[in-house]
Amino acid sequence: MVIDLAGKIPEEVIEQIRSQSEIVDVISEYMQLTKRGRNWFGLCPFHGEQTPSFSVSSDKQIFHCFGCGAGGNAVTFVMDIEGISFPDAVVKLGERVGIQLDIGPSLPEVTKKVSKAEERMKEAHAFAADFFQHLLLNTEDGEEPLNYLLERGFTRELIESNSIGWSLPSFDALTILLERKGYNLQEISESGLVIKREGEERYFDRFRGRIMFPIRDENGKIIAFSGRILASTGEEAKYLNSPESPIFQKSEVLYNLDKARTSIRKNRQVVLMEGFMDVLAATSVGVTNAVATMGTSLTNQHITKLKRLVEQITICYDGDNAGFDAAKRAAQLLQTERMKVDIAVLPDKLDPDEYIRSLGGQAFKEQILENPHAYIAFMMMHARRNKNFQFENDTLQYIQEVLEQLVGRSSPVERDLYIRQLSNETNISEEAIYAQFRKLEANQVRSAKVEMPVQTPSMPVTQQQHKPMDAAERAERLLLAHMLHNIDVVDRVLRSEQKDPFVRDAYMAVFVRLVGFYEEYGHPDYQRFVEILDDSELRKIVMEAALAERDPDQAEAEVTDSIRQLQKYRIEQEIQQKMHESKEAEKMHEYARALEIAQQIIHLRKSLSAI
């Protein structure tokens, strides 16, 4: 179904797409959700947390985070998670349910989280990728690199789906094309596609004579390249990567996450690799849930992205010493974050790409990925390397390293299993090893007590430290709640003498937009209203108010009481201000003015008591 639109998307189309976009399914494509009772819960993708406070209601088709206040529906979730406009989010969800929208160029611009310069950089990268792939697949210049890829096991489908290409040996082939397309070369040089010549206002291509592998962000936008030279002469690096830039930070990028996300959610597992070539090799043999870091160790940012999607991770790094050490560091980080970690170990110092080319995809899946080592077992294997149990120091060090891994993170069954294994390997009695284990366990308990901060009744331990709402804040939220569900409440306020019903600027901003919304739509619909707000903080206010407890049967009384409470607050604030002015007047010996202000305070207090 294709709908050709010029301008605003019709409301019936928006409603059709929204009604067909089950919110649990939409959000599950971005993060892991677990059902508890009627709702689904997960780790909020909009703020860091260890305990799930992000709730999704299938009945109401909304989400809400009790930690940071984020909330909305499927459309606003896509807007916030991808940093895109409302029309773009509708188009994306439309594609998901089989409704293609051609919205044309006349839709109004909506503020995005990325700058215009960054958008142009990404557009330039997409243009470059198309150019490189055309050279690889359709020109004589691309014949040699294409044959090389096909011999390496790449299919034409894999090449096309990953936008793999070829850069000409020319110094300025891409630079000339970018300039002709109207790109600002100074701006594009900041993204690393072109390089400025020293002391000149001229530019040249960064990538020349290389097979080009695009690097995509988690939304599928190309943000960088890795170029592989065909025949290494020893003078040039085998791989040349884009530098870090406003659109490319290695510590945040997981190669193939955009394509693997659905498979990760389906398999409830992710395979973590060291390099993008390993991922491409794995993909070519049907492993569709693999991702890789981009030339950097696993970072907290990487873990945050993975943790939102899945709990089970299989690490599959290179089989050499460096790969072993990197796998250990990554496993420890993931274990610290309470993720379930297995480690698939490759033999003979092979990397995944080499293993697949040598022994085939079936062997890789069955012998490697389906037979990984548990976390403790791998740590024992790592600790055992280069140790000779003929020497006392090696034996004691090995036992110590393994027991340190067991303390605090093993079940009684695992503890019994691995201590028995330690005893068999080292010929040290299980009783002696258990005694050492209990000693380490006691030390850990003592250390934990020393490090634990002293809590007082005034500082409860909570995941989020929320300041209690005062009476005015509660009144604002309740008043807005009634406004969102009943247009008559807005009409009542507009007819009153108090044209500014709220005391906080953010609530007034919501109120002004709500008045405009009702003028256009004529009926309450807080989900549609929240979609037109281009500020995520205002969306939080609306969702918190929409979900606030209110009594429709006592609406008149609650609205009246809220308005009265806010009137009292304004007068109290004005009295405080007048008292401050009076003290300042007395300091300046302006006694007549101080007396005048005192009379104003008396008048204000009378009006306060009359409310």
Problem set entry | Chi angles and distances behind the ring pair (Phe, Tyr, Trp, His ring centres under 6.0 Å) call for Phe378, Phe324 | CA-CA 9 Å; Phe378 174 78; Phe324 251 73; 5.6 Å; yes
For this session: Would you sort out whether Val291 and Lys305 count as a side-chain contact (heavy atoms from CB on, under 4.5 Å), showing the intermediate values?
Result: CA-CA 11 Å; Val291 300; Lys305 291 179 187 291; over 6 Å; no
For this session: Could you check Tyr317 against Leu272 for side-chain contact (heavy atoms from CB on, under 4.5 Å), going step by step and ending with a plain yes or no?
Result: CA-CA 8 Å; Tyr317 283 5; Leu272 178 64; 3.6 Å; yes
For this session: May I have the step-by-step check of salt bridge (Lys or Arg N to Asp or Glu O under 4.0 Å) for Asp325 and Lys328, ending in yes or no?
Result: CA-CA 5 Å; Asp325 292 340; Lys328 177 187 176 183; over 6 Å; no
Exercise. Please walk me through it: do Ile62 and Gln527 pass side-chain contact (heavy atoms from CB on, under 4.5 Å)?
Worked result: CA-CA 8 Å; Ile62 59 173; Gln527 289 206 40; 3.5 Å; yes
Problem set entry | Candidate pair Ile215 and Ile222, rule side-chain contact (heavy atoms from CB on, under 4.5 Å), full reasoning | CA-CA 6 Å; Ile215 312 302; Ile222 298 173; over 6 Å; no
Exercise. Run the side-chain hydrogen bond (donor to acceptor under 3.5 Å, both in side chains) check on Gln405 and Tyr375 step by step: do they pass?
Worked result: CA-CA 9 Å; Gln405 295 296 333; Tyr375 175 78; 2.8 Å; yes
For this session: Show your working on side-chain hydrogen bond (donor to acceptor under 3.5 Å, both in side chains) between Thr299 and Ser251 and close with a plain yes or no.
Result: CA-CA 6 Å; Thr299 65; Ser251 63; 5.1 Å; no
Problem set entry | Pair Glu311-Arg338, salt bridge (Lys or Arg N to Asp or Glu O under 4.0 Å): steps then yes or no | CA-CA 8 Å; Glu311 292 180 356; Arg338 299 179 182 178; over 6 Å; no
Problem set entry | salt bridge (Lys or Arg N to Asp or Glu O under 4.0 Å) between Lys540 and Glu537, intermediate numbers included | CA-CA 5 Å; Lys540 287 181 184 180; Glu537 292 304 313; 3.3 Å; yes
For this session: Go through Arg120 and Glu123 one step at a time and tell me if the salt bridge (Lys or Arg N to Asp or Glu O under 4.0 Å) criterion holds.
Result: CA-CA 5 Å; Arg120 287 190 292 269; Glu123 289 170 6; over 6 Å; no
For this session: Mind running side-chain hydrogen bond (donor to acceptor under 3.5 Å, both in side chains) on Gln312 and Asp342 for me, showing each step along the way?
Result: CA-CA 8 Å; Gln312 179 69 47; Asp342 290 328; 3.1 Å; yes
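Applying the side chain to side chain donor-acceptor pair (under 3.5 Å) criterion to Thr560, with sequence neighbours excluded, gives Arg492. Legend: residues meeting ring pair (Phe, Tyr, Trp, His ring centres under 6.0 Å) with Phe213, ordered by chain and number and at least two apart, are Phe276.
Checking side-chain atoms of Thr293 against main-chain N and O of Leu298 turns up no donor-acceptor pair under 3.5 Å. Checking side-chain atoms of Glu22 against main-chain N and O of Val24 turns up a donor-acceptor pair under 3.5 Å. The closest donor-acceptor contact from the side chain of Glu274 to the backbone of Ala292 lies at 3.5 Å or more, if one exists at all. At least one donor-acceptor pair closer than 3.5 Å links the side chain of Glu414 to the backbone N or O of Ser411. For the pair Glu476 (side chain) and Arg504 (backbone), a donor-acceptor distance under 3.5 Å is present. Put simply, the side chain of Ser161 gets close to the backbone of Leu158: a donor and an acceptor are under 3.5 Å apart. The main-chain N or O of Ala344 is never found under 3.5 Å from a side-chain atom of His373 such that the two would form a donor-acceptor pair. Checked by atom type and distance alone, the side chain of Ser284 pairs as donor or acceptor with a backbone atom of Ala281 at under 3.5 Å. Here the side chain of Thr76 pairs no donor or acceptor atom with the backbone of Met79 at under 3.5 angstrom. For Asn289 (side chain) and Gln269 (main-chain N/O), a donor-acceptor pair under 3.5 Å exists by modelled atom type.
Listed here is the closest heavy atom pair of Met543 and Gly72: CG-N, 3.4 Å. Closest non-hydrogen pair, Pro524 versus Leu484, comes out as CB-O, 3.4 Å. Residues Val26 and Ser21 share a closest heavy-atom pair of CG2-CB, 4.1 Å.
Residue Met31 holds its CE atom at 9.0 Å from CG of Leu309, rounded to the nearest 0.5 Å. The structure places OH of Tyr507 at 5.0 Å from CZ of Arg477, a figure rounded to the nearest 0.5 Å. Going from atom CG of Asn162 over to atom OH of Tyr255 covers 4.5 Å, rounded to the nearest 0.5 Å. Between Glu218 atom CD and Leu257 atom CG the span is 5.5 Å, to the nearest 0.5 Å. Once rounded to the nearest 0.5 Å, the distance linking CG of Leu406 with CE of Met379 reads 11.5 Å. Atom CG of Asn219 sits about 8.0 Å away from atom CG of Asp258, to the nearest 0.5 Å.
Between Asp318 and Pro352 the shortest side-chain heavy-atom distance falls below 4.5 Å. Using a 4.5 Å cut-off on side-chain heavy atoms (C-beta onward), Ile27 and Leu33 make contact. No side-chain heavy atom of Leu478 sits less than 4.5 Å from a side-chain heavy atom of Glu549. Here the side chains of Pro52 and Thr34 are not in contact, with every heavy-atom distance at 4.5 Å or above. For the pair Val271/Ile315, no side-chain contact is recorded, criterion being any heavy-atom separation below 4.5 Å from C-beta on.
Atom NZ of Lys365 sits in a crowded spot, with more than 12 heavy atoms from other residues, nucleotides or ligands closer than 6.0 Å. Dense packing is recorded around CD of Glu12, with more than 12 heavy atoms of other residues, nucleotides or ligands lying under 6.0 Å away. More than 12 heavy atoms of other shown residues, nucleotides or ligands fall within 6.0 angstrom of atom CG in Asp59. Within 6.0 Å of NZ on Lys307 lie more than 12 heavy atoms contributed by other residues, nucleotides or ligands.
A donor-acceptor contact closer than 3.5 angstrom links the side chains of Glu11 and Tyr521. Side-chain contact of His302 with Glu252: a donor-acceptor pair under 3.5 Å is absent, judged by distance alone. Judged purely by distance below 3.5 Å, without hydrogens or angles, the side chains of Ser226 and Asn241 pair a donor atom with an acceptor atom. Between the side chains of Asp88 and Ser85, a donor-acceptor pair is found at a separation under 3.5 Å.
By the 30° and 60° cut-offs, the orientation of the rings of Phe77 relative to Phe46 is perpendicular.
Salt bridge annotation for Arg18-Glu15: present, with a cationic side-chain nitrogen under 4.0 angstrom from a carboxylate oxygen. Salt bridge annotation for Lys122-Asp217: present, with a cationic side-chain nitrogen under 4.0 angstrom from a carboxylate oxygen.
When ring centroids are compared, Tyr569 and Phe502 stay outside the 6.0 Å threshold.
Taking the centre and axis of the six-membered ring of Phe517, the NZ or CZ atom of Arg528 falls outside the cone set by 45° and 6.0 Å.
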